[in-house]
Protein chains: 2
Amino acid sequence: MQVLKNSKVMNNIEQQFQEILQDKRPENLYNPISYILMQSGKRLRPQMVHIASEMFDGDPEETRHIAAAFEMLHNFTLIHDDIMDKADVRRGQPTVYKKWDGNTAILAGDALAVIAMQQLLKLQCDPKTILDLIEIFGQTAVEVCEGQQYDLDFETMDNVSIDQYLNMIRLKTSVMFAGCLKAGGRYAGADEESLQALYDLGIHLGLAFQLADDLLDVYADEEVFGKAVGGDIKDNKKTFLLIKTLELADETQKQQLLNLFSTTPADEKAKFQQVKAIFDAVDVRKATEEEIARYTEKCMDDINRIHTTEEKKAFVLDMVQRLQSRNK
Amino acid sequence: MQVLKNSKVMNNIEQQFQEILQDKRPENLYNPISYILMQSGKRLRPQMVHIASEMFDGDPEETRHIAAAFEMLHNFTLIHDDIMDKADVRRGQPTVYKKWDGNTAILAGDALAVIAMQQLLKLQCDPKTILDLIEIFGQTAVEVCEGQQYDLDFETMDNVSIDQYLNMIRLKTSVMFAGCLKAGGRYAGADEESLQALYDLGIHLGLAFQLADDLLDVYADEEVFGKAVGGDIKDNKKTFLLIKTLELADETQKQQLLNLFSTTPADEKAKFQQVKAIFDAVDVRKATEEEIARYTEKCMDDINRIHTTEEKKAFVLDMVQRLQSRNK
């Protein structure tokens, strides 16, 4: 998903980060922050802020502060999640936790979360608008923590229902998209109905995005995907595919699957093939694709509820359509 | 230091925390937060907020939100510091890191920092004032992270100067006091000069407080102190006493001290006695007490610069005077 990469709404966010971090000391605190912010990610969240703002004629120069705030908030969660998951690699590079250490990663994440919020204080608009943006930002941040806790809780739970799983990814992934879209719209003066539609769009987009992520982990074309498939299966991670398959499977398949997900075998490839065979047997790929289509449909409904011209909806429609054909 | 414990300005902060956390889920995120907030600490920071607000006739009911915000911010730093220091006990109870685990402590701290900020959004005053409070809060939070990073950096540095040490404790301890006093005053409508005086008072009070802390670790009466002395020496921690002694000592004493601080001997008591003998030989106790007196003196100057009645300065004077005779 490379949305708006060359659009005028996406200014050079890396340069903005450089300016924010310039001359900051101590280096051992700010170098890891700079390291993660300078990695080339998809920059989906700042794009969402800009897209929503532009739909209501928000000033792109000012919108950059909101975009930076949410991208920094996202990166703060990545730094801390990677400690919790003991993840070595992200975006093809060592994680902060791995390149430095756990303590450095804790503190860098802490500082980054606060600096993220501070970006909103740079806005020149009326104070009440800034307070509303800080409220959206704060609610997003707390809910992402709640989502991460549910994710950690699931690791040791035997039964996770589809509803519990969807609630977890709503909190862990969707509320950030929703926060970005709502914040962009709120800054630009969108009406309440449009703000609710933007928020709902973020929720549905996030759910579709995460389910596509779960699907790609098993069914991606590795060359396009850019990384090895099967990571979630290797880590015994509860995904939509696993939970849905447990729902669809017969007793034998279910027991096989539970056994496979309670081990860390020497032969990862064999485990992946065995799991995939059961996934294929119940056709969970189709079930997941249907679920993604359902959320994409909801996205279109949400977009219809935004009170702006069709012309101004082009970017956001483009974003949803690219998501539908997401292959990496 | 039990300031204002029974004063009308200190409402029941525990009850306030209970209300804030009521019905929050997931439990594994909010139980550790509730656990640390319900421990009976000195509640110095909320007291400072209330004292400053009351000097300018701030509404105590509203001030409670600011007091809660800073006490929660303080507790967030404790949760994360205890992971970094691998600390097992705080306030006589297991740390969050010890009672649960590192991941729980990271996430609980993250959520607590955001919830702390959110308390400021509850204020009913004009939006510009709230934004100023959020700015003070944010600056405090970032600087506390910077201070903690310097503290971590010092662990592996051979030479830490007095100036570097004072800068570290200014960031790690003083800016929080300064932020509390300034925030209380700003909320209540204090003039710029008084705000600067309140801020400076917090800085000087924090320095005196931390130097007294360093001193008590070696020279406290254990029965009054409530915990064993010598913790900093056992952990080879760089304190004002160590750095000042290295400055005052002759070459032989200096080498002895550096050797003692590069080891973790089986006999902690013997190490403590040997270190204390060198501290005594250069009379670092006197040098530290003089430094504390110097900062206490500055506190009195700062108080003189606050534009309010002498009657309204009673609480803040009481606080500084109690600090002078701090024995725990």
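Just so we're on the same page: letters track the sequence lines, and every chain starts at 1.
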Under 4.5 Å from any heavy atom of chain A, what part of [X] do you find: side chain, backbone, both or neither?
X        : answer
B:Leu121 : side chain
B:Ala111 : both
B:Met117 : side chain

Could you have a look at B:Ile106, B:Leu107, B:Val114 and say which one has the most heavy-atom pairs with chain A under 4.5 angstrom?
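Option with the greatest count: B:Leu107.
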Out of B:Val144, B:Ile134, B:Leu112, B:Leu171, return the one with the most heavy atom pairs under 4.5 angstrom to chain A.
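Heavy-atom pairs under 4.5 Å are most numerous for B:Ile134.
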I need the full list of ring-ring contact (aromatic ring centres under 6.0 Å, His included) pairs touching residues 102-133 of chain B, with sequence neighbours left out, sorted by first then second residue.
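Applying ring-ring contact (aromatic ring centres under 6.0 Å, His included) to every pair that reaches into residues 102-133 of chain B, excluding sequence neighbours, yields nothing.
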Pairing residues for B:Phe240 by the ring pair (Phe, Tyr, Trp, His ring centres under 6.0 Å) criterion, not counting sequence neighbours
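Checked B:Phe240 against ring pair (Phe, Tyr, Trp, His ring centres under 6.0 Å); zero matches.
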Pairs table: donor-acceptor atoms between chain A and chain B closer than 3.5 Å:
unit_1	atom_1	unit_2	atom_2	d
A:Asn28	ND2	B:Asp153	OD1	2.7
A:Tyr30	OH	B:Glu146	OE2	2.5
A:His80	ND1	B:Asp110	OD1	3.1
A:His80	ND1	B:Asp110	OD2	2.6
A:Met84	O	B:Asn103	ND2	3.2
A:Asn103	ND2	B:Met84	O	3.2
A:Asp110	OD1	B:His80	ND1	3.1
A:Asp110	OD2	B:His80	ND1	2.6
A:Glu146	OE2	B:Tyr30	OH	2.5
A:Asp153	OD1	B:Asn28	ND2	2.8

Selection from A:Pro26, A:Cys145, A:Gly102 maximising heavy-atom pairs under 4.5 Å formed with chain B
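Of A:Pro26, A:Cys145, A:Gly102, A:Pro26 has the most heavy-atom pairs under 4.5 Å with chain B.
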Shorter than 4.5 Å, heavy atoms on both sides: which option in A:Leu152, A:Val142, A:Leu120 has the most such pairs with chain B?
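Result: the option with the highest number of such pairs is A:Val142.
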To the nearest 0.5 Å, what is the distance between CG on B:Leu131 and CG on A:Leu131?
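Here the rounded value is 4.5 Å.
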Among residues at least two apart in sequence or on other chains, which ones pass side-chain contact (heavy atoms from CB on, under 4.5 Å) with A:Ala52?
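With neighbours one apart ignored, the set is A:Leu181, A:Leu198.
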